[in-house]
Visitor: 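Structure in structure tokens, see below.
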Amino acid sequence: MKKLFFVMNPYAGTRKVNRVLADVISLFNRRGYDVSIYMTAGPGDGARAVARRAKEMDLIVCAGGDGTFNEVVTGIMRSGADVPVGYIPCGSTNDFANSLKLPTNIIEAAKTVVNGTPTAYDLGRFGNRYFSYVASFGAFTKTSYSTSQNLKNVLGHMAYLLEGVKELFQIPKAHLAFETDQGSFEGDYIFGAISNSTSVGGILTLDPKIVDMQDGKFELMLVRPPKNPMELADLVSALSSQRYNSPMLTFQTVSRLHVQADPDMDWTLDGERAPGQKELEIENLHHAIRLIRGDTQ
């Protein structure tokens, strides 16, 4: 039989995957997979487990949120294995899964895993770590990892919005310097994202005509601090209408960045905290992972 490593976060979202676990495993068994189940117990646990087991597996499946998926692909990258990954999204926001239009129904997502086709997608390298869809800093950034799991479970996407609104009244600016494919520049910013997704943090949505998760490029968005109500109004209008030529924004398509920042400024990678660094190399790893998608997606 083919070997399947099923990595599951039992606390993700409203824990709904727990209620259909037997059905999911039975589906995999009927499709010829010998399933090994691993329940994650804390940060980094999933990545370590996948790194140990990836080379002996024919398929790795993640059930959880974007943070759990991040750990699974991190483990695959660290192992050096060329193994496809299936994603059953059951977190609170699921930005990456939403960008790919993966099924939100758990059984349907599991069927996609066994019936779909492995497709190559880009991955981000952030220093010695990885991200599947975003590395960000500033306003709203800490929301995803500071919001309690109970609040996420009760309110879902709204929990991020409520916590994010609190930050609007105390947004600190950060000074960063960038070297990209498009040149060098620096400035003060209240938010920044290096993303490969149409949805960022469950709050911002990028134009799907611009975002291509397979083109070897990131979308870099930087938001300047508004100095008066008019600039704030222009910023809100630009973000809501996906108008990226606003003077309040810097927007570029890049494949590699060198970033200088305050080492005390935290980042998030796919919704999980990443400690700050004085200098960072961020790179798009073109077609680094093989993710299973439905044939009609």
Side-chain angles (χ1 to χ4, degrees), residues 66 70 93 95-96 98-100 121-126 131-145 157 160-161 164-165 167-168 171-227 231-262 265-272 274 276 280-284:
D66 289 333
N70 175 288
T93 300
D95 282 323
F96 184 67
N98 291 337
S99 293
L100 291 169
Y121 285 93
D122 301 338
L123 192 67
R125 182 178 65 80
F126 180 92
F131 61 96
S132 61
Y133 77 96
V134 68
S136 60
F137 68 87
F140 306 116
T141 298
K142 71 177 182 180
T143 298
S144 57
Y145 64 78
H157 173 67
Y160 293 101
L161 296 180
V165 166
E167 293 185 34
L168 285 175
I171 298 176
K173 62 183 179 182
H175 190 87
L176 293 91
F178 294 86
E179 295 178 25
T180 78
D181 313 48
Q182 310 299 318
S184 301
F185 57 93
E186 62 182 286
D188 294 330
Y189 308 100
I190 58 172
F191 174 80
I194 301 108
S195 66
N196 195 30
S197 168
T198 57
S199 180
V200 179
I203 296 172
L204 297 178
T205 303
L206 300 184
D207 186 345
K209 299 190 193 74
I210 293 176
V211 178
D212 183 343
M213 303 167 76
Q214 301 170 280
D215 65 353
K217 302 285 187 179
F218 294 126
E219 282 64 53
L220 169 65
M221 175 186 285
L222 302 170
V223 179
R224 295 181 178 81
K227 298 176 182 176
E231 288 190 345
L232 177 60
D234 181 71
L235 173 58
V236 172
S237 173
L239 292 175
S240 61
S241 63
Q242 299 174 343
R243 176 170 50 84
Y244 305 122
N245 60 352
S246 165
M248 300 304 299
L249 301 176
T250 292
F251 192 91
Q252 293 184 359
T253 301
V254 299
S255 60
R256 183 188 296 267
L257 308 89
H258 178 82
V259 183
Q260 293 178 295
D262 183 345
M265 182 193 76
D266 285 341
W267 294 68
T268 65
L269 304 182
D270 297 341
E272 302 297 323
L280 275 167
E281 295 291 339
I282 303 174
E283 177 186 8
N284 185 294

Visitor: Under the side chain to side chain donor-acceptor pair (under 3.5 Å) test, which residues partner S195, sequence neighbours left out?
Guide: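 In terms of side chain to side chain donor-acceptor pair (under 3.5 Å), with neighbours along the sequence ignored, S195 is linked to no residue.
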Visitor: Got a sec, which residues hit salt bridge (charged side-chain N to carboxylate O under 4.0 Å, His left out) with E283, two or more places apart in sequence or on another chain?
Guide: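 For E283 the salt bridge (charged side-chain N to carboxylate O under 4.0 Å, His left out) partners, ignoring immediate neighbours, are R125, R256.
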Visitor: Hey, can you pull the donor-acceptor pairs under 3.5 Å for the side chains in residues 209-223, sequence neighbours left out?
Guide:
{"residue": "D212", "atom": "OD1", "partner": "Q214", "partner atom": "N", "Å": "2.9"}
{"residue": "Q214", "atom": "NE2", "partner": "A120", "partner atom": "O", "Å": "3.0"}
{"residue": "D215", "atom": "OD1", "partner": "K217", "partner atom": "N", "Å": "2.9"}

Visitor: For the pair D66 (side chain) and F96 (backbone), establish whether a donor and an acceptor sit closer than 3.5 Å, ignoring hydrogens and angles.
Guide: yes
Visitor: Under the rule for side chain to side chain donor-acceptor pair (under 3.5 Å), what residues qualify as partners of S99, not counting sequence neighbours?
Guide: S197, T198
Visitor: For residues 184-191, dump all side-chain donor-acceptor pairs below 3.5 Å to protein atoms at least two apart in sequence or in another chain.
Guide:
{"residue": "E186", "atom": "OE1", "partner": "H175", "partner atom": "NE2", "Å": "2.7"}
{"residue": "D188", "atom": "OD1", "partner": "H175", "partner atom": "ND1", "Å": "2.8"}

Visitor: If I take atom OG from residue S136 and atom CG from residue D266, how far apart are they, to the nearest 0.5 angstrom?
Guide: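 Going from the OG atom of S136 to the CG atom of D266 covers 11.0 Å.
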Visitor: Using the side chain to side chain donor-acceptor pair (under 3.5 Å) criterion, which residues pair with Q260? Sequence neighbours excluded.
Guide: none
Visitor: Backbone N or O of S132 within a donor-acceptor pair of the D270 side chain at under 3.5 Å?
Guide: yes
Visitor: Restricting to side chain to side chain donor-acceptor pair (under 3.5 Å), what partner residues turn up for T253, sequence neighbours left out?
Guide: none
Visitor: Do side-chain atoms of N196 reach the backbone of V134 as a donor and acceptor pair under 3.5 angstrom?
Guide: no
Visitor: Within the 4.5 Å heavy-atom criterion, are N70 and E272 side-chain neighbours or not?
Guide: no
Visitor: Mind checking ring pair (Phe, Tyr, Trp, His ring centres under 6.0 Å) for F126 and listing every partner two or more places apart, or none if nothing turns up?
Guide: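 So F126 forms a ring pair (Phe, Tyr, Trp, His ring centres under 6.0 Å) with W267.
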Visitor: S237 and S241: which non-hydrogen atoms are nearest, and at how many Å?
Guide: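 The pair with the smallest heavy-atom distance is O-OG, 2.6 Å.
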Visitor: Only distances under 3.5 Å count here; give the side-chain donor-acceptor pairs of residues 244-251 to other protein atoms, sequence neighbours excluded, each with its distance to 0.1 Å.
Guide:
{"residue": "Y244", "atom": "OH", "partner": "D207", "partner atom": "N", "Å": "2.9"}
{"residue": "S246", "atom": "OG", "partner": "D234", "partner atom": "OD2", "Å": "2.7"}
{"residue": "S246", "atom": "OG", "partner": "M248", "partner atom": "N", "Å": "3.1"}
{"residue": "T250", "atom": "OG1", "partner": "R224", "partner atom": "NH1", "Å": "3.4"}
{"residue": "T250", "atom": "OG1", "partner": "R224", "partner atom": "NH2", "Å": "2.8"}

